[in-house]
S.K.: 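Below you will find the structure I want to go over with you.
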Amino acid sequence: MAVGYGGLRGRAYLCGMLTPRQLFLRYQAQTSDFPLLLEIERAEGVYMYGPEGQRYLDLISGIGVSNVGHRHPRVIQAIQNQLDKYLHLMVYGELVQAPPAQLAHALHKTLPTHLDSVYFTNSGTEAIEGALKLAKRHTGRTGLVSCLNAYHGSTHGALSITGSEGFKNSYRPLLPDVHHIRYNEPADFSLIDEHTAAVVIETVQGEAGVRVSEPGYLPALRQRCQEVGALLILDEIQCGFGRTGTFWAFEQFGVQPDILVCAKGMGGGMPIGAFISSQEIMSGFKTNPILGHCTTFGGHPVSCAASLATLQAIQQENLLAGVAEKAARFRRQLVHPAIRAIRGCGLLMAVEFESFEVLKPIIDRALFHEGILTDWFLFCDNSLRLAPPLIIADDEIDAACAALLRAIAFVCN
Ligand SMILES: Cc1ncc(COP(=O)(O)O)c(C=O)c1O
């Protein structure tokens with residue numbers, strides 16, 4: 001007993017002595033053997049700051065989250081206002097709470113009229129789960145079609161439709177009746193038939209390394225879905241909320257979904273997601289069984305307040321107007337023989353190099369010598385991820401490009 005007590009005390013003492021970095025490595029579950037290990041103490045706008053005041057320019061927005069920048073004043077104010085009223089009150093959908101109700105209305109105003117029913121979740125993958133269930137419930141079918149190299153999340157349903165065998169093989173059995181088509185390949189539409197409940201597709205593919213669809217591809221997919229009675233689910237978790245220069249990416253592609261899924265940038269830094277459909281489709285959750293989809297925290301009032309402020313910031317500060325020109329500014333300056341291509345849609349961009357072996361030292365050099373945070377993609381490791389906050393200023397883009405070019409020159413020249 002005495003030994004145990006002493007051991008506990010010793011451990012507590014030790015904990016007090018360990019740095020956050022040591023605690024992170026020792027006690028926080030790791031998902032790779034090579035985490036970035038960058039310690040951040042605070043963040044503001046497009047910058048993050050380390051404990052010794054080191055400044056990092058954030059060119060990836062927490063993977064598409066901080067579209068309005070870190071700690072946007074409107075978002076902070078909205079969170080503070082809500083903190084003074086209430087936090088969680090009750091599980092989803094019972095009590096009337098202004099933040100989710102007002103957010104649902106504000107979202108609807110950005111959308112085609114048929115998308116008028118919003119179900120809030122805590123994350124992107126949960127929103128995908130809800131959308132898959134809804135499609136199966138509405139159509140009475142089981143087939144799901146998604147794209148190769150698509151990423152839709154890490155829970156079992158979302159993982160099932162993720163288009164990478166390597167990523168999901170160790171977790172089988174997954175959902176049955178899932179079929180993959182090639183993005184941008186209408187020839188594969190033959191896999192979509194009267195058995196298909198839904199086709200799930202990212203309007204602009206993110207983790208595949210930013211793949212933008214050919215003109216006419218998404219409308220043709222829409223038509224195929226219509227012909228066979230399958231629902232079209234657009235995943236705008238990464239490409240929505242202004243990232244591509246329109247509020248929703250689908251606005252640029254002449255297509256409208258039956259179910260829209262969003263998250264990430266939606267919360268301005270707070271956890272929230274949603275799947276959005278028509279009243280008619282969504283009503284499937286009301287019967288047989290009732291409470292067809294439940295969540296304790298989905299639609300959390302603080303996250304909803306933050307999300308509404310985020311939406312208003314994008315609209316009222318006209319953040320969409322600058323996106324195309326900012327992307328063009330990156331493209332004009334990022335010129336180097338080692339850069340093989342730049343793909344993108346608005347400020348969701350991928351800069352392609354020959355290989356991961358070339359790219360990784362560039363990313364490391366940019367981070368540790370230039371203070372520029374970038375990344376690669378889950379299913380495309382030869383391309384540099386560029387997805388800065390939409391508020392990034394011209395001089396910050398110029399500084400970022402100069403720093404990236406110095407890092408590229410250091411590694412490649
Ligand atoms: C297109 C897309 N769908 C779904 C997800 C999953 O979202 P979350 O990480 O919030 O579960 C992601 C996350 O990167 C994504 O990029």
Side-chain angles (χ1 to χ4, degrees), residues 29 31-32 60-67 119-135 144-164 167-168 171 174-175 178 180 183 198-213 218 232-244 248-250 253 257 259-276 295 297-300 303-304 306-307 310 343-350 374-381 383 385-387:
T31 52
S32 88
I60 53 175
S61 306
I63 314 294
V65 170
S66 319
N67 291 3
Y119 193 111
F120 292 113
T121 64
N122 305 287
S123 65
T125 199
E126 283 175 74
I128 291 285
E129 298 294 333
L132 296 182
K133 278 177 66 182
L134 187 60
L144 296 168
V145 173
S146 62
C147 285
L148 290 170
N149 285 331
Y151 180 69
H152 294 293
S154 264
T155 50
H156 270 80
L159 188 62
S160 303
I161 58 164
T162 282
S164 158
F167 204 67
K168 61 190 190 182
Y171 300 99
L174 294 167
L175 280 182
V178 171
H180 293 300
Y183 193 77
V199 176
V200 189
I201 189 167
E202 296 162 89
T203 313
V204 176
Q205 281 197 309
E207 296 309 311
V210 187
R211 310 287 163 173
V212 185
S213 64
L218 289 174
L232 178 64
I233 301 177
L234 290 184
D235 178 342
E236 296 225 0
I237 288 168
Q238 189 162 166
C239 62
F241 257 75
R243 172 61 44 204
T244 66
W248 303 107
F250 69 76
F253 294 92
I259 305 177
L260 175 68
V261 186
C262 55
K264 282 189 178 282
M266 178 183 183
M270 292 294 284
I272 185 169
F275 56 103
I276 307 173
T295 167
F297 286 120
H300 192 283
S303 291
C304 287
S307 179
T310 301
R343 295 179 297 278
C345 188
L347 283 172
L348 180 56
M349 303 172 82
T374 60
D375 196 9
W376 62 97
F377 297 88
L378 209 46
F379 306 139
C380 182
D381 67 5
S383 296
R385 184 193 301 268
L386 280 185

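Atoms within a ligand are numbered from 1 in the order they appear, just like the ligands themselves.
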S.K.: I want to check something: taking the side chain as every heavy atom from C-beta on, are Arg343 and Met349 in contact at a cut-off of under 4.5 Å?
M.R.: no
S.K.: Nearest heavy atom to atom 13 (C) of ligand 1: which of Gln238, Lys264, Glu236, Glu129 does it belong to?
M.R.: Lys264
S.K.: If you measure from SG on Cys239 to CZ on Phe253, what distance do you get to the nearest 0.5 Å?
M.R.: 8.0 Å
S.K.: Can you label the angle between the His300 ring and the Phe297 ring as parallel, tilted or perpendicular, going by 30° and 60°?
M.R.: tilted
S.K.: Answer side chain, backbone, both or neither: which part of Thr125 comes under 4.0 Å from ligand 1, heavy atoms only.
M.R.: both
S.K.: Decide if the gap between the ring center of Phe167 and the ring center of Phe379 is smaller than 6.0 angstrom.
M.R.: yes
S.K.: Within the structure provided, determine whether His152 and Val200 are in side-chain contact (heavy-atom separation under 4.5 Å).
M.R.: yes
S.K.: Select the closest option to atom 1 (C) of ligand 1 among Gln205, Glu207, Glu202, Met266, judged by heavy-atom distance.
M.R.: Glu202
S.K.: Under 4.0 Å from atom 9 (O) of ligand 1, is there at least one protein heavy atom?
M.R.: no
S.K.: Flag the pair Glu207 and Arg385 as a salt bridge only when some basic side-chain nitrogen lies within less than 4.0 angstrom of an acidic carboxylate oxygen.
M.R.: yes
S.K.: Heavy atom of Asp235 under 4.0 Å from ligand 1?
M.R.: yes
S.K.: Under 4.0 Å from a heavy atom of Gly153: which atoms of ligand 1 are those, numbered in the order shown and with their elements?
M.R.: 4 (C), 6 (C)
S.K.: Can you tell me which residue and heavy atom of the protein come closest to atom 7 (O) of ligand 1, and the distance to 0.1 Å?
M.R.: Gly124 CA, 3.4 Å
S.K.: Around atom 2 (C) of ligand 1, find the nearest protein heavy atom and jot down its residue, atom name and distance.
M.R.: Tyr151 O, 3.3 Å
